[in-house]
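A short write-up of the structure that comes next.
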Amino acid sequence: ARQVVQQLRAASRINRNNRIAALLADIETVNAVTPWVVEINLTRPRLDFLQLLATPDLAIFIEGAGLGPYEIADGYEMDDEMLLLAPRREPPDEVDGEIVELPPIAPSETIELRFRAAATAIARFDAELADIVLGGNWTTLAFAEAINPNSNELQIDPVDGLYGIAIVEQTGFLETPQNREVLSLAIDRGQLAGYFGADRAEARLTIVPADVDGLLDPVGPPWVNSTIALRRAFARQAVASWTAENGDIEPLRIALPDGPGSRIVFAVLRTNWAAVGIPVERVAWTDDADLRLIDRVAATESATWYLEQFRCNRSLPCSDDYADLLDQIDEVESDRVRSILIGEAATELQRLTPYIPLLRPIRWSLVSPRISGFTPNRFGSHPLDTLGAPPR
């Protein structure tokens with residue numbers, strides 16, 4: 001328990017590279033009360049706290065090994081392509097002079113994990129050389145569809161989170177919130193969703209979704225009910241006014257990861273923005289860029305998760321007002337006041353436009369009929385010990 005406490009305290013320290021710390025701000029104290037019991041006191045109720053503790057960012061490692069139900073099989077050398085896992089068996093431990101028998105680990109079969117490029121993994125599944133493919137997203141959905149899987153094999157998780165374009169450069173045309181909003185309102189999200197499949201993709205206009213916990217009323221852009229034709233007419237006029245005063249817009253560099261999904265996204269953005277006079281070019285994922293795609297599943301169902309992604313230390317457009325609102329949210333004790341502040345912060349975030357929402361994130365898996373226990377869920381989480389398959 002002491003080692004777990006040390007790791008939780010370390011995870012709570014805010015720094016630039018720690019994306020989970022701000023979500024743990026409600027931890028008041030964390031202590032080891034027995035060798036096997038950790039006590040965590042919160043400053044206020046958090047309905048999503050257990051879900052937060054289950055995120056991969058908070059995986060607990062003791063002496064280099066995890067606490068999960070599997071371990072690397074005896075005598076197996078791990079490599080970059082394959083990993084053989086066996087059920088973990090803990091020896092009896094001695095605590096205060098008494099032998100403590102740990103409960104048996106549930107899984108009884110070994111699992112062979114192979115780390116493959118998406119196309120290779122899907123081909124192995126199609127050839128019945130693999131029982132399940134996990135970790136699919138929007139970039140590789142087209143590969144999965146190419147083998148014509150039935151509806152029971154291609155499983156889509158109803159995840160939520162961020163899928164859109166982050167504004168990583170704030171000069172030239174991207175300097176003002178008004179111009180960043182022009183980029184957003186010119187996009188036909190229905191067209192983009194159609195390419196991925198209307199039953200699998202959901203257009204998003206707001207940064208903070210309407211159905212999250214802690215947000216009293218939806219916070220959307222003022223043009224949410226306008227037609228795409230009216231929006232683009234406004235965008236063309238705004239671009240013409242800006243270029244008349246500042247000169248031509250330099251092509252905006254957008255960084256997208258590899259994969260057929262990225263080609264779809266870039267084609268839609270390029271044609272949509274060209275229609276209002278904004279040029280764009282695609283650059284490699286590792287290159288300097290003005291715009292960069294974000295694809296992130298929410299760790300909890302709370303509105304604060306979305307707000308935390310845009311704190312002012314993230315090198316995205318921000319404001320003192322937004323930073324102050326986040327500080328107040330962290331400190332307030334009244335749930336009613338907290339909800340009001342969350343709404344104000346979401347409104348300020350929408351005004352700043354540090355990020356252009358496109359769709360709800362997409363997460364898919366290929367699941368053989370041999371696999372039992374697979375359940376699509378909001379977090380795209382499929383622990384291996386919950387899956388079962390008869391021996392081959």
Side-chain angles (χ1 to χ4, degrees), residues 116-127 130-166 184-207 209-212 220 224 227-228 231-232 254 256-273 275 280 282 285 291-298 301 355-369 371 374-382:
R116 302 292 195 199
T120 303
I122 293 165
R124 287 179 57 83
F125 179 89
D126 194 35
D131 291 314
I132 189 168
V133 176
L134 296 170
N137 62 21
W138 60 280
T139 63
T140 52
L141 181 59
F143 288 148
E145 292 174 328
I147 65 170
N148 295 316
N150 62 47
S151 58
N152 292 326
E153 289 178 326
L154 180 58
Q155 297 280 345
I156 306 294
D157 283 301
V159 299
D160 218 327
L162 299 175
Y163 180 83
I165 304 297
S184 183
L185 61 84
I187 299 171
D188 187 346
R189 291 163 176 82
Q191 178 191 22
L192 179 59
Y195 282 117
F196 287 108
D199 57 335
R200 296 168 185 161
E202 179 183 324
R204 278 284 165 81
L205 294 176
T206 63
I207 300 177
D211 59 348
V212 292
V224 65
T227 66
I228 188 65
R231 283 156 41 189
R232 285 186 178 163
I254 180 169
L256 301 169
D258 293 333
S262 288
R263 291 195 288 272
I264 293 172
V265 172
F266 179 68
V268 170
L269 293 180
R270 181 178 58 184
T271 55
N272 283 194
W273 287 338
V280 61
R282 182 177 174 180
W285 184 246
L291 310 169
R292 188 174 294 276
L293 190 130
I294 289 180
D295 180 21
R296 196 173 297 161
V297 174
E301 298 179 51
Y355 159 86
I356 298 171
L358 295 176
L359 304 173
R360 191 173 185 147
I362 295 172
R363 292 294 183 272
W364 61 265
S365 302
L366 287 173
V367 184
S368 164
I371 294 291
F374 183 94
T375 304
N377 61 86
R378 185 164 182 166
F379 302 101
S381 175
H382 304 287

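Counting from 1, the numbers follow the sequence of the chain as shown. Just so you know, these numbers use all the heavy atoms, side chains as well, and skip hydrogens, waters and symmetry mates.
Counting only heavy atoms from C-beta outward, the side chains of Arg231 and Thr227 never approach each other to under 4.5 Å. Taking 4.5 Å as the limit, some side-chain heavy atom of Leu366 sits within range of a side-chain heavy atom of Trp364. Proximity of Phe196 to Val265: side-chain heavy atoms (C-beta onward) are separated by under 4.5 Å at one or more points. Side-chain contact between Phe125 and Ser368: present, with at least one pair of heavy atoms (C-beta onward) separated by less than 4.5 Å. Residues Ile122 and Thr120 fail the side-chain proximity criterion, which asks for heavy atoms closer than 4.5 Å. The shortest distance between side-chain heavy atoms of Leu134 and Phe374 falls below 4.5 Å. Looking only at side-chain heavy atoms (C-beta outward), Ile362 and Tyr163 stay at 4.5 Å or farther from each other. Under the 4.5 Å side-chain criterion, counting only non-hydrogen atoms from C-beta, Asp131 is not in contact with Val367.
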**Report entry** Full working for side chain to side chain contact (heavy atoms under 4.5 Å, CB included) between Ile165 and Ile254
**Finding:** CA-CA 9 Å; Ile165 304 297; Ile254 180 169; 3.6 Å; yes
Query - Trace of the side chain to side chain contact (heavy atoms under 4.5 Å, CB included) decision for Glu145 with Thr140 - result: CA-CA 9 Å; Glu145 292 174 328; Thr140 52; over 6 Å; no
Requested in this report: Tell me, with the steps shown, if Val212 and Glu301 meet side chain to side chain contact (heavy atoms under 4.5 Å, CB included).
Outcome: CA-CA 6 Å; Val212 292; Glu301 298 179 51; over 6 Å; no
Query raised in the report: After noting the C-alpha distance and the side-chain angles of Phe379 and Asp160, does the key distance pass the side chain to side chain contact (heavy atoms under 4.5 Å, CB included) rule?
Result: CA-CA 7 Å; Phe379 302 101; Asp160 218 327; over 6 Å; no
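The neighbour count for Asp258 CG, taken as heavy atoms of other residues, nucleotides or ligands under 6.0 Å away, does not exceed 12.
The heavy-atom pair separating Ala118 from Phe143 by the smallest distance is CB-CD1, 4.2 Å. Residues Pro376 and His382 approach most closely at CA-CE1, 4.1 Å, considering heavy atoms. Closest approach of Arg232 and Ala186 over heavy atoms only: NE-O, 3.2 Å. Closest approach of Arg296 and Pro361 over heavy atoms only: O-CG, 3.9 Å. Taking each heavy atom of Ala144 and Ile147 in turn, the nearest pair found is O-CG1, 3.2 Å. Nearest heavy atoms, Gly220 versus Thr206: CA-CG2, 3.4 Å.
One finds the CG atom of Leu269 at 11.0 Å from the CG atom of Asp188 (value rounded to the nearest 0.5 Å). Atom OG of Ser151 sits about 11.0 Å away from atom CD1 of Ile156, to the nearest 0.5 Å. To the nearest 0.5 Å, atoms CG (Leu358) and CG (Asp295) are separated by 10.5 Å. In this structure, Arg204 CZ and Leu192 CG are separated by 13.5 Å, a value rounded to the nearest 0.5 Å. One distance of note links CD1 of Ile264 with CG of Leu256; it measures 12.0 Å at 0.5 Å rounding. Rounding to the nearest 0.5 Å gives a distance of 6.0 Å between CG of Leu162 and CD1 of Ile294.
Between the side chain of Arg360 and the backbone N or O of Val159, at least one donor-acceptor pair lies under 3.5 Å. Put simply, the side chain of Asn377 gets close to the backbone of Ser381: a donor and an acceptor are under 3.5 Å apart. The backbone N or O of Gly135 lies less than 3.5 Å from no partner atom in the side chain of Asn137, so there is not a single donor-acceptor pair. Counting only distance, with no hydrogens or angles, the side chain of Tyr355 and the backbone of Gly164 share a donor-acceptor pair below 3.5 Å. Judged purely by atom type and a 3.5 angstrom limit, Arg189 uses its side chain to pair as donor or acceptor with the backbone of Pro357.
In this structure, Arg363 fails the cation-pi test against Trp138, since its NZ or CZ atom is not both closer than 6.0 Å to the six-membered ring centre and inside 45 degrees of the ring normal.
In this structure, a donor-acceptor pair under 3.5 Å is absent between the side chains of Arg263 and Thr139.
Remark: Arg378 does not engage Asp157 in a salt bridge, criterion side-chain N to carboxylate O under 4.0 Å.
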